[in-house]
J.: 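Below you'll find the structure I mean.
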Amino acid sequence: MPLTIISRTQLRQLLLSLTRDEVVELQQNLSEALREYSTGSQDNGCAATYQPQRTAITRSNGCTTIFMPATTGDTLGIKMISLQDGAGPGCAVARGRLDPNESGSVSSSSRRDSIRHSDEDSINTPATSTTSSSVKEESLDEKYLPSGCVNAQRVVGSVSSTMGAWPSRGARDTTPRGSLTLLDAESLPFGLINAYELTAFRTALASLMLFNKRKKVKTLLVFGAGTQAYWHIRLALILRGDEIRRVYIVNRSFERAAELLRDIYLPENTAWRRDVKFSAVSSDFGEYHRILKAQVRKADAIFCCTPSVDPLFPAEHLTAREGRQKGRFICAVGSYKSHMTEIHPDILRDEVTVTPPHRHFHKHTKRSGVVVVDSLDASLREAGEITQADIQPHQVVELGELMMVRHATQHAGEGAHLEDTKSLREWIERGNLIYKSVGLGLMDLVTGGDLVRLARARGVGTTVDDF
């Protein structure tokens, strides 16, 4: 069995060369795997009940390593990634917690058992709708944020002479290091991939499944300036760049934001960057709080890509009457422990609190009653936004469950489930849609296997013919 080894540099080269059609194919394969993950049936090799539990250890030096095994039924694999996060030493399997001072984890077995076992079933999501009239958005003072700038200072093409004077908060690269090992049905290794960029790439593939369904994606707001932020921006523009007009980036570090903008504005990125305007702001900027509020209100999609322990913006930016005048897609992928949170818990509490219909005289987006996650079990244990907001299992729906509804509708004939899925479709396309990802080994396994096949076809990587 030949073994293909893909280094960090080689993987980046491969990912940067992907065409739109190839990105779509990778995303469709991942979507199918997540659909099987949520079926609850071991007849499907990707099902959650068929996945091994992941384990994490924190060494005395404060470095946490996560072991993420997975299987598709035909392929086996394990990703091992490490991050210096300063946690206390300890070891735990997925059902437990790393922090020995924390209480026991939330049990979600009853909800997992209730997930339907048939592709014809649909999820029971409260009906939602949004106001169809146009929304008057807050205008931003463009003199502060011209295109290609950080804190109104140009960074494209050259390094600002003032960059060294800015504090380096948020400048540390928090991208996890590690590798993914892939084995075939006979347990023979066929792939070894550096996981530095793989994690961010497959996370963005999953995040953008719902983003693809949104009706309006004119303005994007991205928190963070690392690898996750880069791939969410790049893939969003590859998939829907003809509709996107502006991308705002918010990052604590001036230097990291400037570095990201310089990367985006490289000549070889012209094809996917198009004529989209980019600008960034750091928390050191004097107009930061005013601009942050305006950007949050203006955004059609918000991507949170930071390992933050504190909310990135006040809840009232979205929960106040002005903030609910239009629906947004809000995606949080950066925080990965229960004490971390990028989205204020009050935003989630507000979204899952559904009140009976009543007469009102102001336009607003109705509450959906649910938060979308990649994994029910993992999110109830690990996602700070979910645990701190005290979100219950019945208020959570898996991304794969939404894929199940789409799959059932596509295969049941025209008009089938039309009434049942109408409100669901309107919510996904126009409503408030909050997606929280904690990551799955299955994502790495499926996408990694596809990338090995692409690498072999293009002659990328090092292949050992008889490993």
Side-chain angles (χ1 to χ4, degrees), residues 6-18 22-23 26-27 29-30 34 64-66 68 70 77 79-85 170-180 193-211 220 222-239 247 249-251 253 256-257 259-261 263-264 266 269 272 301-308 312 331-337 340 342 374-375 382-383 399 435-452 454-455:
I6 307 176
S7 70
R8 174 177 168 179
T9 300
Q10 291 166 338
L11 179 61
R12 182 168 178 81
Q13 173 190 347
L14 176 63
L15 295 179
L16 294 179
S17 69
L18 295 174
E22 288 169 336
V23 170
L26 290 171
Q27 191 176 56
N29 291 342
L30 181 56
L34 292 177
T64 296
T65 301
I66 304 176
M68 303 172 66
K79 186 175 77 168
M80 295 177 288
I81 53 172
S82 298
L83 185 65
Q84 190 75 31
D85 60 2
R172 181 171 65 90
D173 186 358
T174 57
T175 304
R177 271 78 168 171
S179 63
L180 170 68
I193 306 175
N194 185 294
Y196 179 84
E197 208 134 9
L198 174 63
T199 303
F201 178 79
R202 59 80 158 155
T203 302
L205 275 182
S207 300
L208 296 173
M209 290 178 191
L210 295 175
F211 175 82
L220 309 186
V222 180
F223 287 90
T227 311
Q228 287 278 12
Y230 176 83
W231 280 109
H232 278 79
I233 292 171
R234 183 182 179 109
L235 293 185
L237 267 66
I238 286 176
L239 294 170
V247 177
I249 299 168
V250 177
N251 194 61
S253 165
R256 289 295 298 279
E259 181 182 348
L260 177 59
L261 281 186
D263 193 347
I264 290 172
L266 289 173
N269 292 331
W272 64 266
I302 301 173
F303 296 100
C304 303
C305 308
T306 75
S308 179
L312 298 173
C331 171
V333 302
S335 59
Y336 57 93
K337 286 189 175 182
M340 296 177 168
E342 298 177 281
D374 49 3
S375 169
E382 304 168 13
L399 176 60
Y435 171 65
K436 173 60 189 176
S437 172
V438 294
L440 293 170
L442 180 64
M443 295 178 176
D444 302 288
L445 187 62
V446 173
T447 302
D450 287 342
L451 291 174
V452 167
L454 281 172

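Counting from 1, the numbers follow the sequence of the chain as shown.
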J.: To the nearest 0.5 Å, how far apart are CD in Q27 and CD1 in I238?
T.: 11.0 Å

J.: Side-chain contact test, heavy atoms from C-beta onward, threshold under 4.5 Å: evaluate it for I233 versus I249 and give yes or no.
T.: yes

J.: Is the shortest side-chain heavy-atom distance between V23 and L205 below 4.5 Å?
T.: yes

J.: Roughly how far, to the nearest 0.5 Å, is CE of M443 from CE of M68?
T.: 8.5 Å

J.: Hey, could you give me the CG/CD1 distance between L11 and I6, rounded to the nearest 0.5 Å?
T.: 6.0 Å

J.: Judged by atom type as modelled, is there a donor-acceptor pair below 3.5 Å linking the side chain of D374 to the main-chain atoms of L399?
T.: no

J.: Check whether any side-chain heavy atom of H232 sits under 4.5 Å from a side-chain heavy atom of T203, and report yes or no.
T.: yes

J.: Which heavy-atom pair separates M340 from P307 by the least distance, and what is that distance?
T.: CE-O, 4.2 Å

J.: Which pair of non-hydrogen atoms, one from S207 and one from C331, has the smallest distance, and what is that distance?
T.: OG-SG, 3.4 Å

J.: Compare every heavy atom of A257 with every heavy atom of N251, then report the nearest pair and how far apart it is.
T.: ND2-N, 4.0 Å

J.: In Å and rounded to the nearest 0.5 Å, what is the OG to CD distance from S253 to E259?
T.: 8.5 Å

J.: Below 4.5 Å, heavy atoms only, C-beta onward: do L451 and L26 meet side chain to side chain?
T.: yes

J.: Between CD of E342 and CD1 of I302, what distance do you get to the nearest 0.5 Å?
T.: 11.5 Å

J.: Of N29, V446, L440, which is the lone residue that meets side-chain contact (heavy atoms from CB on, under 4.5 Å) with L34?
T.: L440

J.: Spell out, as yes or no, whether a donor-acceptor pair under 3.5 Å connects the side chain of Q228 to the backbone of V333.
T.: no

J.: Please walk me through it: do D263 and N269 pass side-chain contact (heavy atoms from CB on, under 4.5 Å)?
T.: CA-CA 8 Å; D263 193 347; N269 292 331; 3.8 Å; yes

J.: Is there a side-chain contact between E22 and L454, using heavy atoms and a 4.5 Å cut-off?
T.: yes

J.: Which residue pairs pass the salt bridge (charged side-chain N to carboxylate O under 4.0 Å, His left out) test when at least one of the two sits in residues 194-203, sequence neighbours left out?
T.: R12-E197, R202-D444

J.: Applying side-chain contact (heavy atoms from CB on, under 4.5 Å) between V247 and each of L220, L261, I264, report the one that passes.
T.: L220

J.: May I ask you to test the T306-L312 pair for a side-chain heavy-atom distance under 4.5 Å?
T.: yes

J.: What residues form a ring pair (Phe, Tyr, Trp, His ring centres under 6.0 Å) with W231, not counting sequence neighbours?
T.: F201

J.: Can you label the angle between the Y230 ring and the W272 ring as parallel, tilted or perpendicular, going by 30° and 60°?
T.: perpendicular

J.: Below 4.5 Å, heavy atoms only, C-beta onward: do L30 and M209 meet side chain to side chain?
T.: yes

J.: Can you give me the closest heavy-atom contact between S335 and K436, atom names plus distance?
T.: OG-NZ, 2.7 Å

J.: Specify the closest pair of heavy atoms between A236 and L208, including all atoms of both residues, with the distance to one decimal.
T.: N-CD1, 3.5 Å

J.: To the nearest 0.5 Å, what is the distance between OG1 (T9) and CG (N194)?
T.: 8.5 Å

J.: Which heavy-atom pair separates V222 from A229 by the least distance, and what is that distance?
T.: CG1-CB, 3.8 Å

